[in-house]
Number of protein chains: 2
Amino acid sequence: MTMARTCAAYNLRRASRLVTQAFDQALSPTGLKVTQFSLLVSFLLSPGSNMVQLAHWLGMDRTTLSRNLKVLEKRGLVEMVPGEDRREQQVRITPAGRKLFEQACPLWFRAQERVVGGIGHEKWAALAKELRSLVAGLK
Amino acid sequence: MTMARTCAAYNLRRASRLVTQAFDQALSPTGLKVTQFSLLVSFLLSPGSNMVQLAHWLGMDRTTLSRNLKVLEKRGLVEMVPGEDRREQQVRITPAGRKLFEQACPLWFRAQERVVGGIGHEKWAALAKELRSLVAGLK
DNA sequence: CCGCATTGCGTGTATATACATTTATTATAC
DNA sequence: GTATAATAAATGTATATACACGCAATGCGG
């Protein structure tokens, strides 16, 4: 029964659940979940990309991205604008979205410090690097 | 904008998504998802525990566990039996559940090999250890 | 042009997840 | 012993996730 301890899905999913809870709690004054915060970051980092590109970068199904966007759109934090290719939708952050994002940043930072502090920044840096390798092997 | 690369939630959630997809695909002949497979493992490992204990061990909200169980129960893979304390529910795997679990094991193994093979077993062992430290710091 | 493959995106359905609240049972204070 | 606190679990609601499928726009071979 070594499965329980070594299973990649089990270990990653459990860590993901707990870390998500920590970040969601920290971000709760803004009403943002960490998923939504990450989406805002990715829009800011790659303003011109369409949904397919974003989804691939996030390692997230296209339809998941689509539905997560709806939540942000409903709150008026982002808006969808059709691209030149009229099949495409592009995402644009609204002023309200940008403002909320800036309010969220220090909260994010505190959560990150708390979570990463548990093992130390150097170990986290190494861990994150391994995670990226793992992800690269699956994409 | 170092957030994008270092954010613990982002990195873990993305890795979790991709790894989950890999395991779910591998397990698809059984109709089990890796979440469900993990639940079966945990029931087999700790037969007497109630939901609170299981949820804590899994780093999962009680209500999430409750609802994930429903899916297994609906398929007749587990059954709920009331404990001595009539507030408690105990989980018991049915023969059908045990049989399906055994069918799933080799599929799980192949997925694990594929995922872990991307970075090597030793690196995975180290990574899993760090993940457990991280989790321990949050519980 | 026109027909068809491709591409980008949305919907239907199902599971996964958690917080707030509620219900039922047990334990405890008095 | 009863009133109240504490505990175990389920429900209501909302987001997160992905697969199968369908629709609209584009590109391309003839």
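Remember, it's a predicted structure, so these values are computed and weren't measured experimentally. Just so it is clear: chains get the letters A, B, ... in the order the sequence lines come, proteins before strands, and each one is counted from 1.
When the side-chain contact (heavy atoms from CB on, under 4.5 Å) test is applied to B/Thr64, the partners found at least two apart in sequence or on another chain are B/Met60, B/Asp61, B/Asn68. Taking the side-chain contact (heavy atoms from CB on, under 4.5 Å) definition, one finds that A/Ala15 meets it with B/Leu12, B/Leu131, B/Val135, sequence neighbours left out. Remark: B/Asp24 pairs with B/Thr20, B/Lys33, B/Val34 by the side-chain contact (heavy atoms from CB on, under 4.5 Å) rule, at least two apart or across chains. Partners of A/Val71 according to the side-chain contact (heavy atoms from CB on, under 4.5 Å) rule, which considers only residues two or more places apart in sequence or in another chain, are A/Gln36.
Residue B/Asp61 contributes atom CG, which lies 10 Å from atom P of C/dA20 at whole-angstrom precision. For B/Glu84 and C/dA27, the CD to P distance is 11 Å, given to the nearest whole Å. For A/His56 and C/dC9, the NE2 to C1' distance is 18 Å, given to the nearest whole Å. Per the geometry, CG belonging to A/Leu69 stands 13 Å off P belonging to D/dT15, to the nearest Å. Summarising the geometry, the separation between CZ on B/Arg17 and C1' on D/dC19 is reported as 16 Å, rounded to the nearest angstrom. Between the CE atom of A/Met60 and the P atom of D/dC19 there is a distance of 13 Å, rounded to whole Å. One interatomic measurement links the two molecules: CG of A/Leu65 to C1' of C/dG10, which rounds to 12 Å at whole-angstrom precision. Rounded to whole angstrom, the span from the CG atom of B/Asp24 across to the P atom of C/dT15 amounts to 12 Å.
OP1 and OP2 of C/dA16 both lie 4.0 Å or more from every side-chain N or O belonging to B/Thr64. Applying the 4.0 Å criterion to OP1 and OP2 of D/dA18, one finds that B/Gln21 has a side-chain N or O inside that range. Distances shorter than 4.0 Å separate none of the side-chain N or O atoms of A/Asn68 from OP1 or OP2 on D/dT15.
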Handout entry: Base versus backbone protein contacts along nucleotides 8-14 of chain D [heavy-atom cut-off under 4.0 Å; B, S, -]
Key = SSBBBB-
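The closest side-chain donor-acceptor pair between A/Ser38 and B/Arg13, if any, does not fall under 3.5 angstrom. For B/His121 and B/Gln112, the side-chain atoms include no donor-acceptor pair closer than 3.5 Å.
A donor-acceptor pair is defined here as one N or O able to donate and one able to accept, closer than 3.5 Å; such a pair exists between the side chain of A/Thr94 and the backbone of A/Gly97. The main-chain N or O of A/Asn50 is found under 3.5 Å from a side-chain atom of A/Gln53 such that the two form a donor-acceptor pair.
Screening A/Phe109, A/Phe43, A/Phe23, A/Phe101 for a ring pair (Phe, Tyr, Trp, His ring centres under 6.0 Å) with A/Phe37, the sole residue that qualifies is A/Phe101.
Across residues 27-38 of chain B, B/Lys33, B/Thr35, B/Gln36 each have a non-hydrogen atom less than 4.0 Å from an atom of DNA chain C (numbered order).
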